[in-house]
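First up is the structure itself, then whatever we jot down about it.
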There are 2 protein chains.
Amino acid sequence: MSILSDHIEAFIKSMLEEMAQVEMQRGELARRFGCAPSQINYVLSTRFTPNLGYYIESKRGGGGYIRIMRIDMNKDAYVMELVNEVIAESLREQQARSLIAQLYEKRAVTLGEARLMMAAISDKVLPAPQENRDAVRAGILKNMLLALANEMSRKEATEHGTM
Amino acid sequence: MSILSDHIEAFIKSMLEEMAQVEMQRGELARRFGCAPSQINYVLSTRFTPNLGYYIESKRGGGGYIRIMRIDMNKDAYVMELVNEVIAESLREQQARSLIAQLYEKRAVTLGEARLMMAAISDKVLPAPQENRDAVRAGILKNMLLALANEMSRKEATEHGTM
DNA sequence: AACATATTGACATTCCCTGACCAATTGGTA
DNA sequence: TACCAATTGGTCAGGGAATGTCAATATGTT
């Protein structure tokens, strides 16, 4: 049930684990996955954005290429940049989830902490406008506790398990 | 007797007896039972609620899915009691804080996790009624990140330090 | 009858993927 | 130099595929 974009993303990230920088041709990658070249752009623009810690250069024409660079920062700096620069006044759930996943991949948070954060920002627990603060908070905390309990109940799973 | 919902419920629960986590597609399940897809949502929202010990995630679009997780009610009895009994529909900030503090003292959560929870439920980040969901979420996440950064920046402090 | 529960269907939202068209770079040729 | 053809990547609108929401309706219970 996994999706083409996930495969492409995983492929690129596996290369980025060995090198901090990967260079390739869009068409070549598209042929490897049997998809339209623009699909590559879609993956890059949704999963390898600057906000997520990647930097991309490219060149057209003969000998053209796409270069994907992983930006490594120390954890404190990364977190502070997220707080100060990346997270705007408004943040949609999917963006938030990607950010948290990145924090986890960079080992800036533990699995348990990432789960808590996911739980706290889920649309499920956020208020219809008229609800009062206390009700909202109860929902958030319940959701966080459940996320944590769920993690504990499968503690024997893979150490660096998926989220 | 209204059978359909009961059948769907039983079907899901039978799967959950073998795995602690089940992933499926809403439309597929609806076809299997010959009902409207939204019927699945009804069953999930009435019979697989957090209070009953279930945690649900989902994703839309191509490759979308619904993931239903069962929480081990025995192992996590304390957490479930909190969710079901202690935390009412409404919870004021001070009550929430002492609850989290207790979790930490019982070593049910790490210091980092407790900080995150405190951050998520703080009055500071909860909405004035008219703000929209995204803005609320941004505030929550920022606050959690700050709590985390603050914890990291004094990593050398006492192991079981004060909150 | 009145109330609670169940079910449907229309519509909204989100994510994925493609194809047509556009832009830039290179190399060749007059 | 001027121009053209070939070769790359970029962008965007649109359609398809999946879940979410909600009001209306049907069904069951007391």
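B:Y65 places its OH atom 10 Å from the P atom of C:dC16, with the value rounded to the nearest Å. Regarding A:Q94, its CD atom lies at a distance of 15 Å from the P atom of D:dT19, rounded to whole Å.
Here the nucleotide nearest the side chain of B:Y42, chosen from C:dT5, D:dG10, D:dG20, is C:dT5. In the set C:dA23, C:dC16, D:dA18, D:dA18 carries the atom at the smallest distance from any side-chain atom of B:R60. When the nucleotides D:dT11, C:dT18, D:dG9 are ranked by their closest atom to the side chain of A:N41, D:dT11 comes out on top.
A:R67 comes within 4.0 angstrom of no nucleic acid atom, judged by non-hydrogen atoms across all strands. Using a 4.0 Å heavy-atom criterion, one finds that A:I40 contacts no nucleic acid atom at all.
In terms of phosphate contacts, A:S5 brings a side-chain nitrogen or oxygen within less than 4.0 Å of OP1 or OP2 of C:dC17. Contact annotation: B:S58 reaches the phosphate of D:dG20 (side-chain N/O to OP1 or OP2, under 4.0 Å). A close approach under 4.0 Å does not occur between any side-chain nitrogen or oxygen of B:K59 and OP1 or OP2 of D:dA17.
A salt bridge links A:R97 to A:E93: one of the charged nitrogens lies within less than 4.0 Å of a carboxylate oxygen.
Proximity of a side-chain donor or acceptor of A:S122 to a complementary backbone N or O of A:M118 within less than 3.5 Å is not detected.
Contacts of residues 24-39 of chain A with DNA chain C (heavy atom under 4.0 Å): A:C35, A:A36, A:S38, A:Q39.
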